[in-house]
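Working notes, structure below.
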Amino acid sequence: MTILIFSLILLLGAYFAGLLGSLTGLGGGVIVIPLLTLYFHVDIRYAIGAALLASIATSSGAATAYVKEGITNIRLGMFLEIATTLGAVIGALVAIYTPTNTIAVIFGVVLIFSAAMTLRKKNESALTEGSKLAEKLKLNNDYPVNGKSVSYKLTNVAGGFSIMTLAGVISGLLGIGSGALKVLAMDGAMRIPFKVSTTTSNFMIGVTAAASAVVYLQRGYMDPGIAFPVILGVLAGAFTGSKLLTRINPKILRIIFAIAITLVAIEMIYNGLNHQF
């Protein structure tokens, strides 16, 4: 296979990864890394490096629109980024010294968890009573719903912060945005409306990925020949996904995506256990 053909196939694969990642809210990394490792036989650390760069690019582009619309809770995002950034650096350092087959098995387990998270019931209601810590940190906010401003309050800030630290470790270790864990922290633990939690998570993903990317860059695990077509493809796919989102039934899409991701996860775990990485 020539470099040109490899780049074109990778570009096309990354496009569909970005498209599906955008439509499901999990990001393109959950598809890009299995694509590179299982079908192109790229070292998983180089695959993670490329996925991290793609996460930074897509998060930066999408986050701007949500901030303008007033949905993203910027103050909350900046507060929780303390946890995710710290966790991301720890995860990236651990990944450098962890056997690739072990990373593959962990990746597969996280993929299954992410697939399950896409099917769980979302929290769409806003709390009217929050915690004192959220009040002190001024994390409570409001967001637009059908042209009206709806206020919401946060609870269990400490629990959400702890889950965010774990999300950062997973992001640094596996090179994915760990959006499922971020949304679990905000939507499940802190009881933030789902729309706010997903947009705030998107806002945070780029910062978390950037913290991990520094470690991978220093270790030489970023190959421009792999990263460049991945970034272009994921960006184009994410843009297309944002346009299609209003026309596609998200419930059906989540079910199909969850099944596909679970199958990929099983293959990753199987290959990891058989030391095929």
Side-chain angles (χ1 to χ4, degrees), residues 22 25-27 29 51-93 122-123 126-127 129-145 149-217 238 242:
S22 173
L26 291 179
L52 285 170
L53 290 176
S55 294
I56 295 169
T58 51
S59 173
S60 302
T64 306
Y66 294 133
V67 170
K68 285 181 179 179
E69 291 174 13
I71 304 173
T72 304
N73 189 328
I74 299 175
R75 190 178 183 88
L76 174 63
M78 295 299 288
F79 170 68
L80 293 177
E81 275 169 3
I82 299 170
T84 57
T85 303
L86 177 64
V89 173
I90 294 170
L93 290 171
K122 316 301 181 186
N123 173 45
L127 289 179
E129 292 185 10
S131 66
K132 292 182 179 179
L133 183 57
E135 194 73 37
K136 286 182 180 180
L137 295 173
K138 298 180 181 179
L139 300 178
N140 300 324
N141 208 331
D142 56 70
Y143 72 113
V145 178
S149 182
V150 177
S151 298
Y152 60 89
K153 294 186 178 182
L154 282 65
T155 186
N156 196 15
V157 175
F161 193 88
S162 301
I163 297 173
M164 281 296 176
T165 306
L166 177 61
V169 172
I170 296 297
S171 177
L173 181 65
L174 305 178
I176 58 178
S178 61
L181 277 172
K182 287 185 173 73
V183 172
L184 176 64
M186 289 184 277
D187 175 52
M190 303 173 79
R191 303 295 295 170
I192 303 171
F194 185 68
K195 186 180 287 187
V196 178
S197 64
T198 51
T199 54
T200 304
S201 170
N202 203 345
F203 171 75
M204 295 168 59
I205 283 173
V207 178
T208 309
S212 312
V214 172
V215 178
Y216 282 87
L217 181 63
S242 65

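Just so it is clear, the structure is predicted and the values come from calculations on it, not from any experiment.
In terms of heavy-atom proximity, Leu52 sits nearest to Ala209 at O-CB, 3.7 Å. Between Tyr216 and Leu173 the shortest heavy-atom distance is OH-O, 3.5 Å.
With rounding to the nearest 0.5 Å, the separation of CG in Leu93 from OG in Ser212 is 9.5 Å. For the atom pair OG (Ser131) and CG (Leu139), the distance works out to 8.0 Å, reported to the nearest 0.5 Å.
The side-chain contact (heavy atoms from CB on, under 4.5 Å) with Leu133 is formed by just one residue from the set Leu154, Thr155, Val157; it is Val157.
Under the 3.5 Å distance criterion, the side-chain polar atoms of Arg75 are matched with a main-chain donor or acceptor of Leu137.
Residues that satisfy the side-chain contact (heavy atoms from CB on, under 4.5 Å) test with Ile163, not counting sequence neighbours, are Leu181, Ala185, Ala189. Here Asn156 pairs with nothing under the side-chain hydrogen bond (donor to acceptor under 3.5 Å, both in side chains) rule; sequence neighbours left out.
Looking at Ile192 and Leu76, their side chains come closer than 4.5 Å, going by heavy atoms from C-beta outward. At least one side-chain heavy atom of Asn141 sits less than 4.5 Å from a side-chain heavy atom of Tyr152.
Side-chain polar atoms of Asn73 and Thr200 form no donor-acceptor pair below 3.5 angstrom.
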Solution key, residues 78-89 side-chain donor-acceptor pairs under 3.5 Å, sequence neighbours excluded:
| from | atom 1 | to | atom 2 | distance (Å) |
| --- | --- | --- | --- | --- |
| Thr84 | OG1 | Glu81 | O | 3.3 |
| Thr84 | OG1 | Thr208 | OG1 | 3.2 |
| Thr85 | OG1 | Glu81 | O | 2.7 |

